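First comes the structure, then the notes that go with it.
The chains referred to below are lettered A, B, ... by the order of the sequence lines, with proteins before strands, and numbering in each begins at 1. Since this is a predicted model, take the numbers as computed values, not measurements.
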There are 2 protein chains.
Amino acid sequence: MSNKYDVTQYDRPSVSVDVLLFTIEEGELKILLIKRNEEPFLGTWALPGGFVRIEESLDDAAKRELFEESGVKNIYLEQLFTFGAPKRDPRTRVITVTYMALAGKSEWKLSSSGDAQDAAFFKVDGLPKLAFDHAEIVKYGLERLRNKLGYTNIVLGLLPGAFTLTELQKVYEIILKTKIDKRNFRKKILSTGLISASGKKLEGIAHRPAMLYTFKNKKIVITD
Amino acid sequence: MSNKYDVTQYDRPSVSVDVLLFTIEEGELKILLIKRNEEPFLGTWALPGGFVRIEESLDDAAKRELFEESGVKNIYLEQLFTFGAPKRDPRTRVITVTYMALAGKSEWKLSSSGDAQDAAFFKVDGLPKLAFDHAEIVKYGLERLRNKLGYTNIVLGLLPGAFTLTELQKVYEIILKTKIDKRNFRKKILSTGLISASGKKLEGIAHRPAMLYTFKNKKIVITD
């Protein structure tokens, strides 16, 4: 290999991962944040994340950082977008590969260590000041999350295996932060082909028990 | 800042961009490749791309590399996915941020320079052996492209401003590599809400001239 093309001649940026973990709690859409335990932005809230190790895959780095900083594990994370504006980190050039997940909060217990001194869920409509460009990243993630409701099964993890259309509508309303007309919702969600009637009905005392539905695809697919 | 958290302590990967530029030519879906003019994989076909400069945004790097290696410019590129398997480059750890575009071929003239000795379009169903993990990246891009037909206006750049449903169907059939039933296609594409009737009809000698349609959104939006 000639020196002209020696890859080591190029200045290298640092590469990090950051995780957007959304959940619904008390009827509100929330996101997981950690309080930074290091400079820059010491004591400021931020997305859980950190530097990718040189022999580690991007997915593994995201899982590791999420667990180290918040105690959350066994979550299906999907790559969202890579942010690389030259000045987004005051230290040096840091390109960050972001990951997104939407999951039921009961699945984990928060505990922070490593570069984080605290971890907590915040309402997406009342976030504290965030480190770096994380406010912009959260805004982007929210937009993508809301768009994905229309054509993916991203809310799968927030619902029981079989659910009523009323339960599904409630989840959509919380994430979209808007009331939806019941008939319109039913028509639209059925036309997506994402869910199907289970044939079973909600057990209980109702005179006309509601039909239970399931997602056709039992594995979350949020890429598309 | 304590040494413990000094960002410079971390080994840094190299970061590159790679571009998937799809077009339709002679009724076939094709992708732009360049022939490498450097090691490794000297003389092997690859996606146009290269290293991100330390003070350059990711988008700018993608546009610059595409132009340097193929002469193509003024294309709307959108970030696709970031590939970062630790051993994907034999030289060192290289994380690559990929970009995708679908455009009409008449818009440019190929000419290669820099790290490329040639540039040409290849049928996606008959690609030569590709450098690095580029075959895997092309496979991923094709899958995403095909899925995006269902809910985005990604084919906008391949059609005139107003088009018949027959013209649109032909483009879909080429990209999906399958015959589509005419009535099903019309019903499905209209139900997406992506296009609307222009009110004008195809001029010509036909007894029943076809209605012309337009995309409601005149700007390509392929993220979602």
Starting at [atom1] of [X], measure out to [atom2] of [Y] and round the result to the nearest 0.5 Å.
X: B/N147; Y: A/T152; atom1: CG; atom2: OG1; answer: 12.0 Å
X: A/E55; Y: B/R93; atom1: CD; atom2: CZ; answer: 8.5 Å
X: B/T82; Y: A/L58; atom1: OG1; atom2: CG; answer: 7.0 Å
X: A/T192; Y: B/Y151; atom1: OG1; atom2: OH; answer: 13.0 Å

Would you say B/K216 has more than 12 foreign heavy atoms packed within less than 6.0 Å of its NZ?
-> yes
Who are the salt bridge (charged side-chain N to carboxylate O under 4.0 Å, His left out) partners of A/R186, not counting sequence neighbours?
-> none
B/P86 and A/S57: which non-hydrogen atoms are nearest, and at how many Å?
-> CG-N, 3.9 Å
Which bit of A/R88 is near chain B, if near means a heavy-atom gap under 4.5 Å: side chain, backbone, both or neither?
-> neither
Check each atom of B/I54 against the heavy atoms of chain A and say whether the ones under 4.5 Å are side chain, backbone, both or neither.
-> both
Please list, one pair per line, the donor and acceptor atoms closer than 3.5 Å that link side chains of residues 175-184 of chain A to other protein atoms, with sequence neighbours excluded.
from   : atom 1 : to     : atom 2 : distance (Å)
A/K177 : NZ     : A/D125 : OD2    : 3.0
A/D181 : OD2    : A/R183 : N      : 3.3
A/D181 : OD2    : A/N184 : N      : 3.0

Under a 4.5 Å heavy-atom cutoff, which of B/P13, B/G150, B/A61 has the most pairs with chain A?
-> B/P13
Is the closest side-chain heavy-atom distance between B/R12 and A/D11 below 4.5 Å?
-> no
